[in-house]
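To keep things clear, I will list the structure first and then write my remarks on it.
These figures come from a predicted structure and were not determined experimentally. Values below: all heavy atoms of this structure, side chains included; hydrogens, waters and symmetry mates excluded.
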Amino acid sequence: MQIPIFTVDAFTNRPFSGNPAAVCLLENDLDEDLHQKIAAEMNLSETAFIRKLKPGDDFTKSSCFGLRWFTPASEVPLCGHATLASAAVLFHVQKNTNSVLTFVTLSGELKARQVKDHIVLDLPLYTAYPQELKEVEELIKAAVGDMSVQDIRYSPDTKKLLLRLSDTYDRSVLENLKVNAQHFLSAEKTGKLKGLILTVKGNSSGKGHDFYSRYFAPWVGILEDPVTGSAHAVLSSYWSEQLGKKEMLAFQCSRRGGELKISVRGDGRVDIAGQSAVVLKGNLTL
């Protein structure tokens with residue numbers, strides 16, 4: 001069996017930056033265990049599987065597909081960058097003729113559309129609520145040591161903890177912070193976390209990026225994710241409230257780095273736009 005597979009760098013317009021995802025186009029149903037085996041073989045933060053929903057569907061002409069995401073360790077309920085990568089394969093490689101694509105996922109229906117040289121993802125917007133320090137104090141110590149933390153929030157929908165560092169810190173402090181995410185596993189005692197977001201406020205002059213972030217998810221086998229759409233579904237809600245803005249520009253300052261254009265909507269959703277670069281095309285032979 002041959003399965004078309006692609007590697008796409010998401011939230012960037014050039015190879016070797018942004019966040020790489022593998023994308024598989026499934027003509028037929030795939031044995032359940034093969035999804036995880038392929039994801040482990042690709043060994044990227046996410047491997048996406050696009051499947052046809054009914055006989056006669058076509059990757060060039062159809063507008064609605066099933067979509068699942070797997071890390072090398074497990075299936076996840078939402079992945080922004082692999083959704084963008086999947087849309088990029090359909091729009092740019094398969095030359096899909098539709099203006100909007102719909103993906104049926106574990107997080108409901110997600111839409112992707114082309115706007116000039118960006119792909120815009122329509123994602124759920126997740127609220128993060130104030131979190132008691134005592135419950136996560138050991139984890140915070142493991143993540144940032146004695147650095148000043150200005151705000152602590154928890155998103156129950158995504159199981160992500162958001163730590164906002166003091167406004168006295170700038171982007172370079174976040175970028176240069178040495179983090180050993182493996183230590184999070186023993187320091188996290190609540191059992192309710194799947195990811196940790198570190199974030200700092202951006203340039204208050206109105207130019208440049210509104211906020212910066214890094215994202216760590218050792219609980220699902222990802223020590224640090226380069227650029228994370230699902231984390232920005234939480235960050236967008238938080239920073240929109242803090243800054244009083246609906247339109248924002250964000251930068252995730254991992255080693256590879258990536259930029260996200262954000263538009264918080266009034267219906268509990270958020271549009272997150274990014275660019276993409278298809279860097280590999282081939283076939284899996286099973």
Side-chain angles (χ1 to χ4, degrees), residues 3-26 30 34-51 59 65-94 96 101-107 110-114 117-123 158 194-195 213-218 220-233 250 252 254-261 272-284:
I3 298 175
I5 191 164
F6 309 85
T7 301
V8 182
D9 291 341
F11 295 113
T12 182
N13 61 357
R14 53 194 171 86
F16 314 125
S17 59
N19 199 352
V23 178
C24 295
L25 294 179
L26 302 182
L30 191 66
L34 283 178
H35 293 81
Q36 193 61 68
K37 288 178 178 176
I38 291 169
E41 181 80 6
M42 299 313 296
N43 201 31
L44 295 172
S45 61
E46 303 286 349
T47 297
F49 296 87
I50 306 174
R51 68 186 185 282
F59 288 124
F65 302 94
L67 181 62
R68 296 172 72 182
W69 313 276
F70 288 76
T71 76
S74 63
E75 185 171 13
V76 295
L78 178 64
C79 179
H81 88 275
T83 305
L84 191 149
S86 298
V89 167
L90 292 172
F91 281 136
H92 303 322
V93 180
Q94 299 298 122
N96 192 286
L101 298 173
T102 301
F103 296 111
V104 178
T105 79
L106 287 177
S107 291
L110 306 180
K111 296 185 185 299
R113 67 184 190 274
Q114 289 192 90
D117 58 350
H118 285 65
I119 291 173
V120 181
L121 304 179
D122 165 5
L123 298 179
T158 64
K194 295 291 187 185
S213 67
R214 290 174 68 182
Y215 180 67
F216 307 90
V220 293
I222 303 166
L223 293 182
E224 180 168 8
D225 198 35
V227 196
T228 317
S230 63
H232 281 81
Q252 190 160 330
S254 61
R255 184 177 55 82
R256 290 173 66 103
E259 188 174 78
L260 308 92
K261 290 183 176 179
I272 297 180
Q275 296 176 290
S276 61
V278 178
V279 295
L280 184 146
K281 303 176 185 178
N283 288 291
L284 278 171

Look up atom [atom1] in [X] and atom [atom2] in [Y], then write down how far apart they are to the nearest 0.5 Å.
| X | Y | atom1 | atom2 | value |
| --- | --- | --- | --- | --- |
| Glu75 | Glu46 | CD | CD | 10.0 Å |
| Phe65 | Leu26 | CZ | CG | 11.5 Å |
| Thr102 | Leu67 | OG1 | CG | 11.5 Å |
| Gln275 | Glu259 | CD | CD | 8.0 Å |
| Ile5 | Leu284 | CD1 | CG | 4.0 Å |
| Leu223 | Tyr215 | CG | OH | 12.5 Å |

Considering only heavy atoms from C-beta outward, does the side chain of [X] approach that of [Y] to under 4.5 Å?
| X | Y | answer |
| --- | --- | --- |
| Val93 | Val278 | yes |
| His35 | Arg68 | yes |
| Phe59 | Val89 | no |
| Thr158 | Leu78 | no |
| Arg256 | Phe11 | no |
| Lys194 | Val220 | yes |
| Gln252 | Glu224 | no |
| His92 | Ile119 | yes |

Which heavy atom of [X] sits nearest to which heavy atom of [Y], and what is that distance?
| X | Y | result |
| --- | --- | --- |
| Phe103 | Ala112 | CE1-CB, 4.2 Å |
| Ser45 | Ile222 | O-CD1, 3.6 Å |
| Pro20 | His81 | O-NE2, 3.3 Å |
| Asn13 | Ala277 | C-CB, 4.3 Å |
| Thr71 | Gln36 | O-NE2, 2.8 Å |
| Ile38 | Cys24 | CG2-SG, 4.1 Å |

Quick one: which of Asp225, Asp9, Thr12 gives a side chain to side chain donor-acceptor pair (under 3.5 Å) with Asn19?
Asp225
For a side chain to side chain contact (heavy atoms under 4.5 Å, CB included) with Ile3, tell me which candidate from Leu34, Leu25, Leu30 qualifies.
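So, applying the side chain to side chain contact (heavy atoms under 4.5 Å, CB included) to Ile3 and each of Leu34, Leu25, Leu30, only Leu30 qualifies.
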What is the ring orientation for Phe70 with Phe49, classed by angle as parallel under 30°, tilted 30 to 60°, or perpendicular over 60°?
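Taking Phe49 first and then Phe70, their aromatic rings stand perpendicular (interplane angle over 60°).
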Does the side chain of Ser86 come under 3.5 Å of the side chain of Trp69 through a donor N or O and an acceptor N or O?
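No.
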